[in-house]
Every structure is written in structure tokens, then in C-alpha cells.
Protein chains: 2
Amino acid sequence: MATIYDIAKEAGVSAATVSKVLNGKTDVGAKTSERVKKIASELNYHPNSIARGLATKKSDTIGVFFQDHLNTGFRHPFLQDVLASFKDTIGKNGYDLIFFANDHPDNQMETFEARAKNRHVDGLFLLGVPRTDPNLFSLVQSGIPCMSVDLDLIGPNASYITSDNVGGAQKAVDYLVEMGHEDIAFISDVFATKPGQDRLMGFKTAMEKHRLPILTKWIIASDFSEKGGYLSTLKILESDHLPTAIFCAGDMMAIGAMEAITEKGLKIGKDISIIGFDDIKLLNYVKPSLTTIRQKKDIMGEMAADELLKLMNDSNYFPSPLSIETELVIRSTVIRRGTTKSTDDSIEV
Amino acid sequence: MATIYDIAKEAGVSAATVSKVLNGKTDVGAKTSERVKKIASELNYHPNSIARGLATKKSDTIGVFFQDHLNTGFRHPFLQDVLASFKDTIGKNGYDLIFFANDHPDNQMETFEARAKNRHVDGLFLLGVPRTDPNLFSLVQSGIPCMSVDLDLIGPNASYITSDNVGGAQKAVDYLVEMGHEDIAFISDVFATKPGQDRLMGFKTAMEKHRLPILTKWIIASDFSEKGGYLSTLKILESDHLPTAIFCAGDMMAIGAMEAITEKGLKIGKDISIIGFDDIKLLNYVKPSLTTIRQKKDIMGEMAADELLKLMNDSNYFPSPLSIETELVIRSTVIRRGTTKSTDDSIEV
DNA sequence: ACAATTTTCGAAACCGCTTTCGTAAATGTG
DNA sequence: CACATTTACGAAAGCGGTTTCGAAAATTGT
């Protein structure tokens, strides 16, 4: 590997000059500059970012902590899309991504702060990290620029992005009501994530707005998984008084809900309508096609990247949380009801 | 940020000694060692891996190039699973992953070799990189330890892993024949990837083994996408003589094929059987459930990691390509045929 | 032609850690 | 107790860059 010293010797200049040329500084003559560049390429020179990083205290690197409750690696349907989009826009700005291994053998290295400082990342992107993680506090204190999604990190150098989950949940309920539903169940979030709580809040306020009853037996906390949705729905279906619609706080749970419903011999839509949340790609393949509230994943990733860039480059910038509008995506799992209440359900079964 | 010098001063020893303590070298006394450790933790010391990397020329980092023809970011259904598994096992060995941005703004940084050397990664993992990439040659020459999946990299420090695609394709044909099929179409790979070519070869040899005709109009090259499978199948269905089974070199194409078939008013299985390749997670959600040849993604990722570790740590190790057995997964899209040839097709349509 | 600027370049310190090698102290041996 | 070994520690060089600051050289002005 050629170094700047090799180039310097070959060109008859000092290493300092080579460094300047390669970094486009202005205080170097035109012909020397040319000569140096030529020799650099002849020698197949590649800058060593490690050495540079040591000198500049920058690494052009963003650290990523990608965990999730279900430990699905890169397979989390929603976060994965946000991450892909984040990667694209941060990459265009010259940053590579470093993914921290989830279980590092060196137990000195257990905190976010330790890992980040060790790798000298310029910024951090957190996905799927539980709010309850005890190391979050010291992270925010550390002053490392941090962006997270769906996790309410706040500090002078930390911010986060979420969908407008309250509003999204309201859209869902509004639509259900508009379609004539009044007996609405909600499958919510057992982890107390920020989006989960917000969706629950949105659900409740919308129900109150429409003067509809909120039954505790119809609010079931689950884990965002397909199986969770399935089990929760089974529980709902045990009762003799059935809701006409189920709103699931995540699409995977909605998929599970649909399975439970068909398994019980009921027809989705006709007997019980379903609406989800997220609009994950998988929905293109499930039948019947699920009506849901879309999160704009691409935009979220992009905005998260832009915000992190600001956090890193402008020390005066004081962030505030970013909220992205959702969209109602009407497909086929919500069907209009007559105003008469669910008496015909029993006939259908 | 505390450095080893801070610790050294505080402990009344030299930086060299601190370094030794922190790295568990043996030539340091017990009480000094204790004192240093204590002070290190008091000072909330975190080692700076950049500085260490400069000194040791190691980075405990694996570079990842994750591209794919369809540019799906982290969303590639097969590679994503392999990667997740790779990450887990390489992570347990203390390596973090660095993902190179796909389009770096600095055009000096376009080759794999340049990027890898710049970041001083200890090894490289390539996924979805097209065989035709002109920079592959210099990469292998560079001597950087490289592991790839489905890309036939070979060299003293480079190797790759694939499924036994030839064998897998044979299993598919064998099964089809066993189920009474003789008129078999194959949707193959237009990119001339290693797995694509191998599956084609497996298909052909199996057909020959069974003394079945290989019709060129029934071998259609496509792009592994759902849409590609759909269009290819449409083309096959144009003819008046239809195959009784279609073997798709990838599950996504098989999904597209199923759409085309139902769209044409035919019944999957009853009229035309379908078998795919990969067994991607998505198959849990498509109906009817696709019979396919499973690639053992978890094992592939794990073995790729182990092999890369050998490549990095044992300079005498000379690699040979890794091949993993596939499994036939019988679900419901292949249906038994009578031995009488496809005369009843026309009746069914 | 001489002073005043401006441009171009390099010496040297530094970033934080590792590693070799020599030396001083501690320990063992007879 | 004299001598041979071990053990414990540190000085210094090095990893490959960046950056400050001063000086020499080139340019400008009058």
C-alpha cells in the first residue's frame, strides 16, 4: 500500500503538500498539484481512512443499532424499508454504515456509548431499540449525534422520527365508522413502544369523538407478530358478542387476525372487517388484500438521514422530533355495514 | 475522552504498561494491573479502535457489499436471510459489519479494492454482486480475504458458497417426473448468474436422464422478479401446446407464474403444476402454497462466516468453494398426473 | 529597482495506541 | 552471598495521515 510519504518522495515534495493536494486545499501550485495527482494514481494510492480518522477525529461512518423485539435481524418488515432508504441518502453524502454486532464477545463493549465511541462513528441511527434500554440515557448524555425511529430520544444532539401515529389511528377509526362500524376492537402493543401507545391513544380519542364505547375486553395487547395477532383475535372471538371490526396496530398482527377469523369459519369483511397499520410490502401477497394505514417508509428514512446530517454538521442546530403523515390505503378487508347493529353476525356463522 | 495517557499519568505508570494491561499481556505485575484497571473504569475509558487499527493494521471489521440486480436494498428475500445469519455468527467473533454505500460521492472510491483498503476491513462479504463486475478481478488479486455467496470468486484468499444448484434442480425435475409430468418448462436466469446457470444445467441433465424432450420455447430466461416470472409464463401460455409443469429458477418468478396462470383462467396444479426454488419466507403467505426447493439460508450464512474467519486468521488455509445441499419442500402446487400425456389439457381450459 | 504582498511549500507536532527491546528489580540457585 | 534467571516496566519508534505556522519564492505596485 502506497502512502503519502511514498508519493512525497517520488514527487520531490513533502508529505504535507501531498496531503493538501489530495484534499483540494488551495495553497499549492498548479504544476506540483498535477504532478502529485499523477504520481498518486500511478502508485495506485488509496487513502487510509483509519489514519485520517485518527488525525481528524471524523470517520465518515454512521453507526447503526438494529435490534428488534422479535430479533428478526434484517428481516423486520417495516424497519428494513426505513433503513434501506436511510442508507441510500446517507450514502450519497459519503457516509458508510457500520452495523454493530448484537452480541459482542467483549463485555466491556456493552453500552451504546462504548460501542459508538470505540468505533468513532460520526453519528448513530437506532432502530427497534426498546425504550426501556437502560443505556439510552447515557447515550443521549454523551452528545453523540443520534437519530432514531419510533423511539422518543430527545436531547441537544438526539432526535427521532415517527409517523403521526395518533393521527393514523384516528384515520383508521374514522374510516371504520364511516363504513358503518361501531363495535370496534383494537389489538395493541404490549411493549409500550412509542408508536404503540400513540396508536392506542389515537384509537381511544377517535372512539370518544364518535361517542362509541371502548370495551376493555376488546383492547388486547400483543407483540406485533403474526402469531400474536392470531392469538389475540382468537381471544376476541371467544366472547359471544363480537365486534364488527378489528383494528390492528400492525400489519403482521392483522395477518394473524385474518387467519384466526377464517379458521373460525368467519368471513373477513363480511363478518368482521380488519384494518392494519404499516402497509408492509408483504401485503401485496396476502389475500384478501388488507386495508391499512400506510407509513411512508421511504420518506422516513430519507428525512432521518437529513436530520442526522444536520445534527452532525451544525452544532447550533437544535432538533425537534419529526412526525410524518400517514395515508389510509383502502383495499378489501373493510366492508360497509348497515346502521343496524351486528345481529346478522350470528346468522352468518 | 480519556486516553491511555490519562490513565498512565493517574496510575503513575507508562502508557505502554496501560496498553499491556488492557490487552491482557502477561508481563505486568498483579497490583499494577489492578490499579490500572480500576482507574480505567473510573475514568470511563473507552479504547479508540481507530488508533488501535492504525497501530495494528486490523480493524475487527468486515466490509459488506450488498448489491443486487433489482436494487432492492436490504429487501432481497434470499440474500437478506443469508446476511442476517452471517452477521450473527461473525458478530459473535467480535467483528462489526460495515456496509459500503452503493453510490459514494467520491469517484476515487469506485472499486471494491479501493473501498476495502480505505476502510481497512479485515475481510469482505459480497452479496448479489454481478459476476460481470470488472472490479472483481483486482479484488481477488488484492489478497483481501473475501467470501461471497452465489458468485464464483476464487483465489488464494477468496472463496464462495452456493447451494448445490445443479442437484437442487435435479431434485425438482425428479419430483415432477415422479408425479407424472413429462412436459416441463423452465424459467431461467437472464443474468447468467452462477446459480442460474447451474439450475439450468441441472434441469437439462435431469431431463435427459429421464429421456424427456428439452424444448427451447419452454426455456425462457427471466430476471428472478415476480414480474419477470409473470411475463415469461404468459409467453409460455401463448402456445397451443402447454406444458403440464413449470419449474421456476426462483420463488419470486414462481409467484409471478402463478398469477399468470390464474389470470388465464387455468388452475394451478390441476392444469399446470409449479415448482420454485429458494423457499423464501414470503411463501408462508402466498396461496396456493408453493412447492419448492429450499436453500438452507441460515446454514449458508453461518458457514460463510466461518469460512471467512479461516481465510482471515490462517494464512496457510487454502479454500475451496462450499456447496450446501438443498431440500425438496412439498406443498401444494405440484399435482400428480396420469401417465397419459397432456391431451386433456385442452379439455380443461 | 525596491518594498509590500501574495503564493507556495515544508518542518514538526499531533491523533491514540501497539510493540520491540533494553534495563532494573525481584527471584531462584548452590 | 555471588551469580544466573525471571519478571516488571518504560523509552521510543511507528502506524498514515492532518494542520499550524513560519519562511522562501514569486508577484505586484510605484
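Note on naming: letters A, B, ... go to the chains in the order of the sequence lines (proteins, then strands), and numbering restarts at 1 for each one.
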Worksheet entry | Side chains of B/L311 and B/Y317 in contact at under 4.5 Å (non-hydrogen atoms) | yes
Worksheet item: Is any side-chain N or O of B/Y5 under 3.5 Å from a base N or O of C/dG16, one able to act as donor and the other as acceptor?
Response: no
Worksheet item: Looking at A/E113 and A/K117, does any basic side-chain N land under 4.0 Å from a carboxylate oxygen?
Response: yes
Worksheet entry | Beyond-backbone contact of A/K310 with A/E307, side-chain heavy atoms, under 4.5 angstrom | yes
Fill in: Least distance between heavy atoms, A/T162 atom then A/K194 atom
CG2-CG, 4.4 Å
Worksheet entry | Ion pair check, B/D60 and B/R52, cut-off under 4.0 Å | no
Worksheet, complete the sentence: In B/V149, B/D133, B/L136, the residue satisfying side-chain contact (heavy atoms from CB on, under 4.5 Å) with B/L126 is B/L136
Discussion item. I need the CG-P distance between B/N118 and D/dG16, as an integer number of Å.
Written reply: 14 Å
Worksheet item: Between D/dC15, D/dG10, D/dG17, which one does the side chain of B/A55 approach most closely?
Response: D/dC15
Practice prompt. Ignoring backbone atoms, establish whether B/K57 has a side-chain N or O less than 4.0 Å from OP1 or OP2 of D/dG16.
Written response: yes
Worksheet, complete the sentence: Of the candidates C/dT18, C/dG16, D/dG16, the side chain of B/T56 sits closest to C/dT18
Item to complete: For A/V18, report the nucleic acid contact type (base, sugar-phosphate, nothing); a contact means any heavy atom under 4.0 Å.
Response: nothing
Worksheet item: Are A/R52 and D/dG16 close enough that a side-chain N or O sits under 4.0 Å from OP1 or OP2?
Response: no
Discussion item. I'd like to know whether CD1 of A/I154 has more than 12 heavy-atom contacts from other residues, nucleotides or ligands below 6.0 angstrom.
Written reply: no
Worksheet item: Which nucleotides of nucleotides 21-26 of chain D have their base under 4.0 Å from a protein heavy atom (B), which only their sugar-phosphate (S), and which neither (-), written as one string 5' to 3'?
Response: ------
Worksheet, complete the sentence: To the nearest angstrom, the CG-P distance between A/L43 and D/dG16 comes to 14 Å
Fill in: Whole-Å gap separating C1' (D/dC15) and CG (A/D6)
13 Å
Worksheet item: Using a cut-off of 4.0 Å on non-hydrogen atoms, how would the nucleic acid contact of B/S19 be classed: base, sugar-phosphate, or nothing?
Response: base
Worksheet entry | d(CG, A/L22; P, D/dT18) in whole Å | 7 Å
Discussion item. Between B/T17 and D/dG10, is there a contact of a side-chain N or O with OP1 or OP2 at under 4.0 Å?
Written reply: yes
Worksheet item: For D/dG17, does OP1 or OP2 lie under 4.0 Å from any side-chain N or O of A/Y45?
Response: yes
Item to complete: Would you indicate what A/T32 reaches in the nucleic acid, counting non-hydrogen atoms under 4.0 angstrom: base, sugar-phosphate, or nothing?
Response: sugar-phosphate
Worksheet entry | Value in whole Å for how far the C1' atom of C/dC15 lies from CG of A/N48 | 13 Å
Worksheet, complete the sentence: To the nearest 10 degrees, the angle between the two end axes of the helix from C/dA1-D/dT30 to C/dG30-D/dC1 (five pairs per end) comes to 30°
Worksheet item: To the nearest angstrom, how far is B/I4 atom CD1 from C/dG16 atom P?
Response: 10 Å
Item to complete: Report which part of the nucleic acid A/K25 touches: base, sugar-phosphate, or nothing (heavy-atom distance under 4.0 Å, all strands).
Response: sugar-phosphate
Discussion item. Can you tell me how the ring of B/F65 sits relative to the ring of B/F112, calling it parallel under 30°, perpendicular over 60° and tilted otherwise?
Written reply: perpendicular
Worksheet item: OP1 or OP2 of D/dT18 sitting under 4.0 Å from any side-chain N/O of A/N23?
Response: yes
Practice prompt. Could you list all the ring-ring contact (aromatic ring centres under 6.0 Å, His included) pairs where at least one residue sits in residues 121-142 of chain A, not counting sequence neighbours?
Written response: A/F86-A/F125
Discussion item. Within a 6.0 Å radius of atom NZ on A/K58, are there more than 12 heavy atoms belonging to other residues, nucleotides or ligands?
Written reply: yes
Discussion item. For a quick test of reading the model: is some side-chain N or O of B/S14 closer than 4.0 Å to OP1 or OP2 of D/dG10?
Written reply: yes
